[in-house]
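Quick notes on the structure that follows.
As the structure lists them, so they are numbered: ligands from 1, and atoms in each ligand from 1. The structure presented is a predicted model; accordingly, all values stated were derived computationally and were not measured. Excluded from the calculations below are hydrogen atoms, water molecules and symmetry mates; all remaining heavy atoms, backbone and side chain alike, are included.
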Amino acid sequence: MTQDELKALVGQAALKYVVPGEIVGVGTGSTVNKFIDALATMKDQIKGAVSSSEASTVRLKALGIPVFDSNDVESLSVYIDGADEIDQQGHMVKGGGAALTREKIVAAQSKQFICIADESKLVGALGAFPLPVEVIPMATARVMRQFVAMGGTAAVRLKDGQPLVTDNGQHIVDVKGLTITDPVAFETEVSQWPGVVTVGVFALQKAQVCLLGTAQGVKTLAF
Ligand code: 5RP
């Protein structure tokens, strides 16, 4: 099976976690796009979605799924999103699609995080994928120096030769060369650095379930 087919498989499998009559939290990325397409087949059974990015909002609306402002929804039963890496405890690196801040916000208002991913995303320890960090632009150089002091290398993410601007009007720094052995401690520390909006380690809000697309079918990992 191709990676694209594995993504479609887990996108479809996630439907069983969607609670009829409720609003579902929806992540961002190519795997989530498969989920959104599958969700459209049961759109009459749900109230709608809270979305984690402008891109997902556009796709949801195009398929006729109502999108609610997160401020108007107290809590969600379930949030479905992809990951760039996930370890055996359900800790993740996210933000490859630059949507990490809104993803963390929607995850925080959800009772359960269901991660959907192909098997290439399952890792022993987080850190092989460049770690995305959303930063306030005036703090970029100092935040990058702090990652260098930790032993990493850091670069501002570019789009068309210019710093990529997130849905929140900020920039992304991608950090390479760190092995994140204690994801909770790492997330807690970096989140406190002035100018860091969101660090792409999701350990305080880890996944409870991962639907992993494998050549043998969908494996369910519960954490
Ligand atoms: C976006 C994300 C995505 O969930 C992550 O990048 C995985 O994306 P894909 O499903 O395209 O591999 O965190 O900010």
Side-chain angles (χ1 to χ4, degrees), residues 1-14 17 24-39 49-60 70 78-87 90-108 110 112-123 126-135 156-159 163-176 180 183 187 190-191 196-214 218 221:
M1 249 188 278
T2 64
Q3 197 181 27
D4 201 56
E5 287 167 336
L6 294 177
K7 289 178 182 190
L9 201 65
V10 292
Q12 181 72 35
Y17 291 88
V24 58
V26 174
T28 298
S30 57
T31 315
V32 165
N33 284 345
K34 304 289 188 191
F35 167 66
I36 294 173
D37 294 347
L39 188 64
V50 170
S51 168
S52 64
S53 64
E54 300 297 340
S56 289
T57 297
V58 167
R59 197 175 187 98
L60 286 159
S70 64
V78 69
Y79 176 62
I80 292 168
D81 198 358
D84 299 305
E85 292 184 327
I86 182 162
D87 72 12
H91 306 129
M92 296 164 286
V93 164
K94 293 183 46 53
L100 63 165
T101 296
R102 296 189 187 192
E103 291 173 343
K104 222 174 244 194
I105 291 168
V106 187
S110 304
Q112 222 190 356
F113 189 132
I114 311 295
C115 176
I116 51 175
D118 66 83
E119 60 189 339
S120 70
K121 308 289 183 69
L122 186 65
V123 295
L126 303 179
F129 188 90
L131 173 69
V133 184
E134 185 164 356
V135 294
V156 177
R157 193 181 300 182
L158 302 179
K159 188 179 177 192
L164 176 146
V165 178
T166 68
D167 286 351
N168 313 304
Q170 311 303 339
H171 292 172
I172 299 280
V173 166
D174 289 306
V175 184
K176 290 185 188 167
I180 302 165
E187 182 181 6
V190 176
S191 299
V196 168
V197 178
T198 302
V199 57
V201 171
F202 283 53
L204 299 166
Q205 287 153 45
K206 64 178 196 146
Q208 279 73 48
V209 172
C210 177
L211 301 176
L212 199 68
T214 77
V218 178
L221 312 178

Residues passing the salt bridge (Lys or Arg N to Asp or Glu O under 4.0 Å) test with D118, sequence neighbours excluded, are none
Across all chains, not counting sequence neighbours, the salt bridge (Lys or Arg N to Asp or Glu O under 4.0 Å) partners of E5 are none
Under 4.0 Å from ligand 1, residues with heavy atoms, in chain and number order, are K7, T28, G29, S30, T31, D81, G82, A83, D84, K94, G95, G96, G97, A98, A99, E103, K121
Note to self: Could you check whether any side-chain heavy atom of E103 comes within less than 4.5 Å of a side-chain heavy atom of M92, counting everything from C-beta outward?
What the structure shows: no
Salt bridge (Lys or Arg N to Asp or Glu O under 4.0 Å) filter on D37, not counting sequence neighbours, yields R59
I'd like to know if the side chain of S56 pairs up with that of S51 as donor and acceptor (distance under 3.5 Å, no hydrogens or angles considered). no
Tested for side chain to side chain donor-acceptor pair (under 3.5 Å) against K104, the lone hit among E187, Q205, E134 is E187
